[in-house]
Amino acid sequence: LPTALKNFLTGFGLNKYVLLAVILLIYLVLGCFLESISMILLTLPIFFPIVMSLGFDPIWFGVILIVVTEISMITPPIGMNVFVLNVVLRDVSLQTIFRGVTPFIVADVVRVLVLVAVPWIVLILPSLMG
């Protein structure tokens with residue numbers, strides 16, 4: 001499946017950042033149904049060969065993947081972490097909690113855009129270690 005999907009997606013001749021955006025959007029949608037570890041374990045064997053064939057660094061992709069996975073856990077309509085907060089804080093409405101996390105979602109999206117645009121931010125520490 002990973003090889004067939006890689007050949008299918010790269011056959012369109014799309015920009016590698018468009019394909020990366022599609023993969024990241026899939027993770028955001030999956031966050032509505034799965035928790036983070038399940039998402040990563042089920043999809044990484046499929047998406048990792050595609051990302052590597054596009055020429056992205058594996059460490060960089062791992063960091064981006066974790067950030068997007070955590071964003072998916074607080075985004076509406078089914079942000080699992082938001083529902084956990086709603087159970088713990090019974091006197092605070094779900095709508096109030098979603099309004100409260102909205103600035104964090106916006107900041108996280110900006111963070112992902114910066115990490116995609118400037119990948120050396122992610123890679124500077126690993127490069128110093130080797």
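Keep in mind it's a predicted model, so treat the numbers as computed, not measured. These numbers come from the heavy atoms of this one structure, side chains and all, not from hydrogens, waters or symmetry mates.
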Side chains of residues 72-90: which donor-acceptor partners sit under 3.5 Å, not counting sequence neighbours?
{"from": "Ser72", "atom 1": "OG", "to": "Thr69", "atom 2": "O", "distance (Å)": "2.6"}
{"from": "Thr75", "atom 1": "OG1", "to": "Ser72", "atom 2": "O", "distance (Å)": "3.3"}
{"from": "Asn86", "atom 1": "ND2", "to": "Val92", "atom 2": "O", "distance (Å)": "3.1"}

Quick check on the hydrophobic clustering: are Leu30 and Ile37 connected, directly or via other members, by side-chain heavy-atom contacts under 4.5 Å?
no
Cluster check Leu5, Leu41: I/L/V/M/F/W/Y, side chain < 4.5 angstrom
no
Residues 93-111, side-chain donor-acceptor partners within the protein, below 3.5 Å, at least two apart:
{"from": "Ser93", "atom 1": "OG", "to": "Thr96", "atom 2": "N", "distance (Å)": "3.2"}
{"from": "Ser93", "atom 1": "OG", "to": "Thr96", "atom 2": "OG1", "distance (Å)": "2.7"}
{"from": "Thr102", "atom 1": "OG1", "to": "Phe98", "atom 2": "O", "distance (Å)": "2.8"}
{"from": "Asp108", "atom 1": "OD1", "to": "Arg111", "atom 2": "NH2", "distance (Å)": "2.8"}

Quick one: ring-ring contact (aromatic ring centres under 6.0 Å, His included) pairs with a partner in residues 19-41, sequence neighbours left out?
Tyr27-Phe47
Looking at residues at least two apart in the chain, or sitting in another chain, which of them share a side-chain contact (heavy atoms from CB on, under 4.5 Å) with Val18?
Leu14, Asn15
With a cut-off of 3.5 Å and sequence neighbours excluded, list every side-chain donor-acceptor pair involving residues 48-67.
{"from": "Ser53", "atom 1": "OG", "to": "Pro49", "atom 2": "O", "distance (Å)": "3.4"}
{"from": "Ser53", "atom 1": "OG", "to": "Ile50", "atom 2": "O", "distance (Å)": "2.7"}
{"from": "Asp57", "atom 1": "OD1", "to": "Ile59", "atom 2": "N", "distance (Å)": "2.9"}
{"from": "Asp57", "atom 1": "OD1", "to": "Trp60", "atom 2": "N", "distance (Å)": "3.2"}
{"from": "Trp60", "atom 1": "NE1", "to": "Leu115", "atom 2": "O", "distance (Å)": "2.9"}

Which heavy atom of Met39 sits nearest to which heavy atom of Gly31, and what is that distance?
SD-N, 3.5 Å
Excluding sequence neighbours, so at least two apart, what forms side-chain hydrogen bond (donor to acceptor under 3.5 Å, both in side chains) with Glu35?
Ser38
